[in-house]
Amino acid sequence: MTAPHLSRDELKALVRTVPDFPHAGIQFRDITTLIGHHQGMAASVRHLAELADAVGADKIAGMEARGFIFGAAVAVQLGVGFVPVRKPGKLPIETIGIDYALEYGTDRLEMDPGAIEPGQNVVMVDDLIATGGTALASAELLRKAGALVSHALFVIDLPDLGGASRLRAAGVTVDALMAFDGD
Ligand code: AMP
């Protein structure tokens with residue numbers, strides 16, 4: 001049952017690119033085809049878990065929704081807890097939250113204020129970093145909850161959109177399994 005460890009180039013070939021979704025000019029990097037491939041999913045999680053292990057993650061945080069797919073699996077592989085960073089109004093408790101700017105308008109992320117013990121090393125996991133807005137807001141929210149956030153892991157980086165540089169400027173080191181040029 002052990003999956004062979006596919007290389008990062010082999011994983012990149014499993015990502016489907018859909019032009020002009022959700023808007024004209026956007027190249028949507030669709031992980032549906034990667035996670036639907038057993039060895040692709042298993043190897044993506046193993047690569048991410050190796051990176052999280054190397055930096056001594058106490059917990060993994062994943063951003064709704066696609067960050068849940070990879071983040072939860074990485075947490076299980078490492079034997080640590082998983083913290084969901086949620087869209088507003090989903091948690092049945094009093095939450096802490098953060099509002100952040102989008103290209104048009106604002107959005108909000110929320111989490112359980114008791115999910116992290118003060119000083120725990122929390123590694124963020126998401127499928128893709130574009131402008132970095134989501135990841136930056138998540139890092140700020142996790143820090144508000146008492147986490148040390150110094151690493152973020154992504155399956156896909158779109159370096160031309162500058163997200164990884166923005167995160168680095170906020171003290172968060174970024175690793176990704178693959179990069180695509182353009183947006
Ligand atoms: P950002 O906050 O700009 O870094 O955007 C990050 C989120 O938007 C990621 O969690 C992705 O799920 C989604 N996203 C942004 N751009 C793309 C793209 N070109 N293809 C697929 N997903 C994208």
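Read the numbers this way: they start at 1 and go in the same order the structure lists the ligands and their atoms.
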Enquirer: Does the side chain of I98 come within less than 4.5 Å of L109's, by heavy atoms?
Expert: yes

Enquirer: Is it the case that the side chains of T17 and R29 hold a donor-acceptor pair, with the cut-off being a distance below 3.5 Å and no angle test?
Expert: yes

Enquirer: Any chance the side chains of T32 and D30 put a donor and an acceptor closer than 3.5 Å?
Expert: yes

Enquirer: Which atoms of ligand 1 sit under 4.0 Å from any heavy atom of T134?
Expert: 1 (P), 2 (O), 5 (O), 6 (C)

Enquirer: State whether the side chain of E10 and the backbone N or O of S7 hold a donor-acceptor pair below 3.5 Å, judged by distance alone.
Expert: yes

Enquirer: Contact between ligand 1 and L158 is defined here as a heavy atom of the residue under 4.0 Å from a ligand atom; is it met?
Expert: yes

Enquirer: Which bit of D126 gets closer than 4.0 Å to ligand 1, counting heavy atoms only: side chain, backbone, both or neither?
Expert: side chain

Enquirer: Evaluate whether atom CD of E140 has more than 12 neighbouring non-hydrogen atoms of other residues, nucleotides or ligands under 6.0 angstrom away.
Expert: no

Enquirer: Need the ligand 1 atom indices (1-based, order shown) with element for anything under 4.0 Å from a heavy-atom of D127.
Expert: 9 (C), 10 (O), 11 (C), 12 (O)

Enquirer: Of all the non-hydrogen atoms in the protein, which one sits nearest to atom 13 (C) of ligand 1, and at what distance?
Expert: R66 NH2, 4.1 Å

Enquirer: Would you say I69 and I35 make side-chain contact, with heavy atoms under 4.5 Å?
Expert: yes

Enquirer: From the options L153, L34, D157, L51, select the one residue that forms a side chain to side chain contact (heavy atoms under 4.5 Å, CB included) with L177.
Expert: L51

Enquirer: Can you tell which part of Q27 has a heavy atom less than 4.0 Å from ligand 1: side chain, backbone, both or neither?
Expert: backbone

Enquirer: Side-chain contact test, heavy atoms from C-beta onward, threshold under 4.5 Å: evaluate it for V15 versus M178 and give yes or no.
Expert: yes

Enquirer: Quick test: of every protein heavy atom, which one is nearest to atom 23 (C) of ligand 1, and how far off is it to 0.1 Å?
Expert: L128 CD2, 3.6 Å

Enquirer: Measuring from non-hydrogen atoms of G163 to any atom of ligand 1, is the shortest distance under 4.0 Å?
Expert: no

Enquirer: Is there a polar contact between ligand 1 and A130, counting only N or O atoms under 3.5 Å apart?
Expert: yes

Enquirer: For atom 20 (N) of ligand 1, what is the nearest protein heavy atom, given as residue, atom name and distance?
Expert: R29 N, 3.0 Å

Enquirer: Looking only at protein heavy atoms, which one is nearest to atom 3 (O) of ligand 1, and what is the separation?
Expert: T131 OG1, 2.5 Å

Enquirer: Does some non-hydrogen atom of the protein lie less than 4.0 angstrom from atom 8 (O) of ligand 1?
Expert: no

